[in-house]
Amino acid sequence: MRGKFITLEGIDGAGKTTHLEWLAAFLKQREIRVTTTREPGGTILGEALRRIVLDRTQRLHVETEALLMFAARREHLARVIRPALDSGRWVLCDRFTDATFAYQSAGSGMDWEKIEALERWVQEDLQPDLTVFFDVAPETGRARSGRVREPDRFEQEQGDFYRRVREGYLRRASEHPERIEVIDANGAVREIQKQLELKVIRHCF
């Protein structure tokens, strides 16, 4: 039986990585085999491209950036995601294609339709069974991420950028309500995880 594919999305500081770790533990307690991964990243190529894209000392052309994201994604799908799903494992991914729409299109101005074309080409018929967007006020996300470490290329962007990114995520959620669930991530961690649990049960069990 094919495994389930769940992606977690949100602006920097939304807490998605913490919630991914919690969800992985939640599923393992139910004896579900889980693969956790991230984008950009997940493979040797993906991690190398991640370092390039997040390098705060340089700024790539937005279309170059998007093409690198999809190059890494194609390798990620071939090497990690599809094999895991085909073996019956559930895949939890910290960001996926919705992030490219939010960051490279809504945030940085790349044409939305060009990303849709790349999505069709690279992913073919594959979409997550569930995508959870952890929605947090941009000011809150920036304050949270700024406490952790020196900001990367995206984390050093100004507030208007993150407002556009959030709007991009909400546009994707409105376009794909059958798979994208929005959770208010401004509240208590336990309450957020209770909502996450309910949405996973609704879509994947």
Side-chain angles (χ1 to χ4, degrees), residues 1-42 73 76-77 80-82 84-85 87-103 106-107 119 123 126-149 154-155 162-163 165-205:
M1 182 181 296
R2 179 185 179 276
K4 301 292 185 179
F5 184 24
I6 301 175
T7 59
L8 282 70
E9 299 281 357
I11 66 170
D12 298 281
K16 60 188 170 43
T17 304
T18 298
H19 298 310
L20 185 146
E21 293 170 355
W22 176 87
L23 180 57
F26 169 82
L27 295 173
K28 288 174 183 177
Q29 288 173 358
R30 284 150 184 78
E31 299 184 346
I32 294 171
R33 295 180 298 143
V34 176
T35 293
T36 61
T37 188
R38 68 177 183 175
E39 289 206 350
R73 184 164 297 133
H76 197 197
L77 285 164
V80 177
I81 295 173
R82 286 187 183 275
L85 293 174
S87 73
R89 299 180 69 87
W90 287 36
V91 176
L92 307 183
C93 192
D94 187 336
R95 291 210 176 108
F96 194 59
T97 303
D98 296 301
T100 310
F101 283 94
Y103 279 81
E119 178 185 33
Q123 292 173 221
L126 180 66
Q127 286 289 347
D129 296 283
L130 168 65
T131 296
V132 179
F133 169 52
F134 296 96
D135 188 20
V136 68
E139 298 78 11
T140 302
R142 284 168 58 83
R144 289 175 180 173
S145 61
R147 292 196 301 262
V148 178
R149 50 182 155 67
F154 292 104
E155 291 167 343
Y162 279 100
R163 281 187 283 276
V165 169
R166 177 176 179 267
E167 289 167 2
Y169 272 126
L170 292 173
R171 175 179 171 180
R172 283 289 279 180
S174 70
E175 291 177 347
H176 300 278
E178 74 288 350
R179 71 168 174 87
I180 301 179
E181 294 275 5
V182 180
I183 291 179
D184 183 349
N186 291 287
V189 170
R190 182 58 193 132
E191 180 56 35
I192 294 167
Q193 290 171 348
K194 284 171 60 179
Q195 293 184 59
L196 177 58
E197 178 180 342
L198 289 174
K199 293 181 187 305
V200 169
I201 290 171
R202 181 187 307 160
H203 283 265
C204 300
F205 283 91

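Since the structure is predicted, the reported quantities are computational estimates derived from the model, not experimental observations. Note that these values count all heavy atoms, side chains included, but never hydrogens, waters or copies made by symmetry.
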Just by distance, do the side chain of Asp129 and the backbone of Phe5 share a donor-acceptor pair under 3.5 Å?
yes
Considering all heavy atoms, the nearest Ala173-Val182 contact:
CB-CG2, 3.9 Å
Within the structure provided, determine whether Trp22 and Val189 are in side-chain contact (heavy-atom separation under 4.5 Å).
no
Asn186: what forms a side-chain contact (heavy atoms from CB on, under 4.5 Å) with it, not counting sequence neighbours?
Val136, Ala137, Thr140, Asp184
Hey, could you give me the CD1/CZ distance between Ile81 and Arg73, rounded to the nearest 0.5 Å?
8.5 Å
Please round to the nearest 0.5 Å and tell me the distance separating atom CG of Asp94 and atom OG1 of Thr17.
4.0 Å
Considering all heavy atoms, the nearest Pro138-Arg163 contact:
CG-CG, 3.8 Å
CG of Leu27 to CD1 of Ile6, rounded to nearest 0.5 Å, is 6.0 Å
By the ring-ring contact (aromatic ring centres under 6.0 Å, His included) test, which pairs, at least two apart or in different chains, include something from residues 172-205?
Trp90-Phe205
Closest non-hydrogen atom pair, Ala24 against Thr36
CB-CG2, 3.9 Å
Contacts of Lys194 that satisfy side-chain contact (heavy atoms from CB on, under 4.5 Å) - sequence neighbours left out
Arg190, Glu191
Report the C-alpha separation of Tyr169 and Ile180 in whole Å, then their side-chain angles, then the decisive distance to 0.1 Å, and conclude whether the side-chain contact (heavy atoms from CB on, under 4.5 Å) test is met.
CA-CA 10 Å; Tyr169 272 126; Ile180 301 179; over 6 Å; no
Check Gly168 against Ala106 and note the closest heavy-atom contact, atom names and distance.
CA-CB, 3.5 Å
Can a donor-acceptor pair be found, under 3.5 Å and without considering hydrogens, that links the side chain of Glu9 to the backbone of Phe96?
yes
Under the side-chain contact (heavy atoms from CB on, under 4.5 Å) test, residues paired with Arg89 that sit two or more places apart
Arg33, Thr35, Ala84, Ser87
Between atom CG of Leu23 and atom NZ of Lys28, what is the distance when rounded to the nearest 0.5 Å?
10.5 Å
Give, for atom NZ of Lys16 and atom CG of Leu196, the distance between the pair rounded to the nearest 0.5 Å.
13.5 Å
Heavy-atom closest pair, residues His76 and Cys93
CE1-SG, 3.9 Å
In chain order, what residues pass the ring pair (Phe, Tyr, Trp, His ring centres under 6.0 Å) check against His19, with sequence neighbours excluded?
Phe134
Any pair counted as salt bridge (Lys or Arg N to Asp or Glu O under 4.0 Å), so long as it reaches residues 168-181, sequence neighbours left out:
Asp98-Arg172, Asp98-Arg179, Glu119-Arg172, Arg171-Glu175, Glu181-Lys199, Glu181-Arg202
Honestly, is Arg30 close enough over Phe26, meaning NZ or CZ under 6.0 Å from the six-membered ring centre and within 45° of the axis?
yes
Taking all non-hydrogen atoms of both residues, which atom of Gly107 and which atom of Val165 are closest, and how far apart?
CA-CG2, 3.9 Å
Could you give the distance from OG1 (Thr97) to CZ (Phe101), rounded to the nearest 0.5 Å?
7.0 Å
